[in-house]
Structure formats: structure tokens, C-alpha cells
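Take a look at the structure set out below.
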Amino acid sequence: MFLNLDPLKSDLTKLAGILNQFKSELVQTKLVEMFFSGAGVAPAPAAEAPRRKGRPPGSGKAKAAAAAAAPKPAGKRRARGKMGATGALNALIKQGYFKTRRTIADVVEACESKVGVPIKVTNLSGPLARFVQESRLQRAKNKEDKYEYWAK
């Protein structure tokens, strides 16, 4: 194993003073390995850095810049697959559904039965209020203290 222990002992005492300056145990271990492998010759080649997951940096910037530079048609919106609350209310107005006074519960039921679109009460209250503001519908409370909507 080791023939001369005295020089090794003095080297290790000097090395201990240097090693204790580093707080990281990993660094201390690497330095001890370097000492025993060849007393500080060239360090072992580092392992290849782990590959980064996901898209490479900057890959989406060209597409985003091209999309921003492309002119957008003014005033045209993309058609959606499903009709929403506003579309269902417009359809009911065109069908003449609001010729008589209707509560919001009646409107919800009509959206499903006449237009074929299931809509919750919470999704209808906003568009109904907007239609009242735009004077497309009128609104008043009935005897049961519920709002009724009708067309002019």
C-alpha cells in the first residue's frame, strides 16, 4: 500500500487546512480524490451537462414575429364552434320569443328547447342586462319580484 507514511501524513495535515476552507462536502471530496489520483494533475473530464427539456430557446420567436407583422382583418371575428348566450338570445329575438314577457327561467328553458343550446342562468344574466342597456329588450319586476324581459 503506502511505503512512506510520514510524508503522506504531513501532506494530509496541510490538505486538511485547505479542505476545511470549503464549506461544500462535494468540493472537499473532489479535492481529496484529485490528491489521491495524481496530486492535482488535470481534473477528470466533466460529465456532459444534462439535456434541457422542451423547445430550444428562441424557437417560437420567429413565428410570433411573423404573426404580429401579418395584417389582421378589421372587424371580423373568428367563428366559434358553439353558440353562446348572446347568440341564443339573438336567435330567440329573431324568432319573436320576446313578444310576451318572459322570466330568466323561461329564457333558459327556451334556449335549450327552441335553440338547442343549454345555457346556465349565470351565463344569461350578463347578456340580458346588456340587451336592456342597448334597448333591444325591456325589463321590469313582476308580482313575484322577479325580472321579466320583453322586446319593444
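In this chain, residues are counted from 1 in sequence order.
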Subject >> Atom CG of Asn20 with >12 non-hydrogen neighbours under 6.0 angstrom >> reply: yes
Subject >> Ser125 side, atom OG; Ile104 side, atom CD1 - distance, nearest 0.5 Å >> reply: 5.5 Å
Subject >> cation_pi(Arg136, Phe131) dist<6.0 Å, angle<=45 >> reply: yes
Original post:
Shortest non-hydrogen contact from Ala140 to Arg101?
Top reply: CB-NH1, 4.1 Å
Original post:
Can you find a pair of side-chain heavy atoms, one from Arg130 and one from Thr86, that are under 4.5 Å apart?
Top reply: yes
Original post:
Heavy atoms, side chains only, cut-off 4.5 Å: are Val121 and Val107 in contact?
Top reply: no
Subject >> Minimum heavy-atom distance between Tyr149 and Phe98, given as atom pair plus value >> reply: O-CD2, 3.7 Å
Original post:
Counting distance only, does the side-chain N/O of Arg102 pair as donor-acceptor with the main-chain N or O of Tyr97 below 3.5 Å?
Top reply: yes
Original post:
How many angstroms lie between CZ in Arg139 and CD in Gln133, if you round to the nearest 0.5 Å?
Top reply: 9.0 Å
**OP:** Please answer: with hydrophobic residues joined when any side-chain heavy atoms are less than 4.5 Å apart, are Trp150 and Ile93 in the same cluster?
**Re:** no
**OP:** Under the side-chain hydrogen bond (donor to acceptor under 3.5 Å, both in side chains) rule, collect the residues that match up with Asn142, sequence neighbours excluded.
**Re:** Glu148
**OP:** Please collect all side chain to side chain donor-acceptor pair (under 3.5 Å) contacts where either partner lies in residues 103-120, sequence neighbours excluded, each pair once.
**Re:** Thr103-Asp106
Original post:
If we only count heavy atoms from C-beta on, is the Leu89 to Leu128 side-chain gap below 4.5 Å?
Top reply: yes
**OP:** Report, as yes or no, whether the 6.0 Å neighbourhood of atom CD on Glu134 holds more than 12 heavy atoms from other residues, nucleotides or ligands.
**Re:** yes
Subject >> Least distance between heavy atoms, Leu124 atom then Ala85 atom >> reply: CD2-CB, 4.0 Å
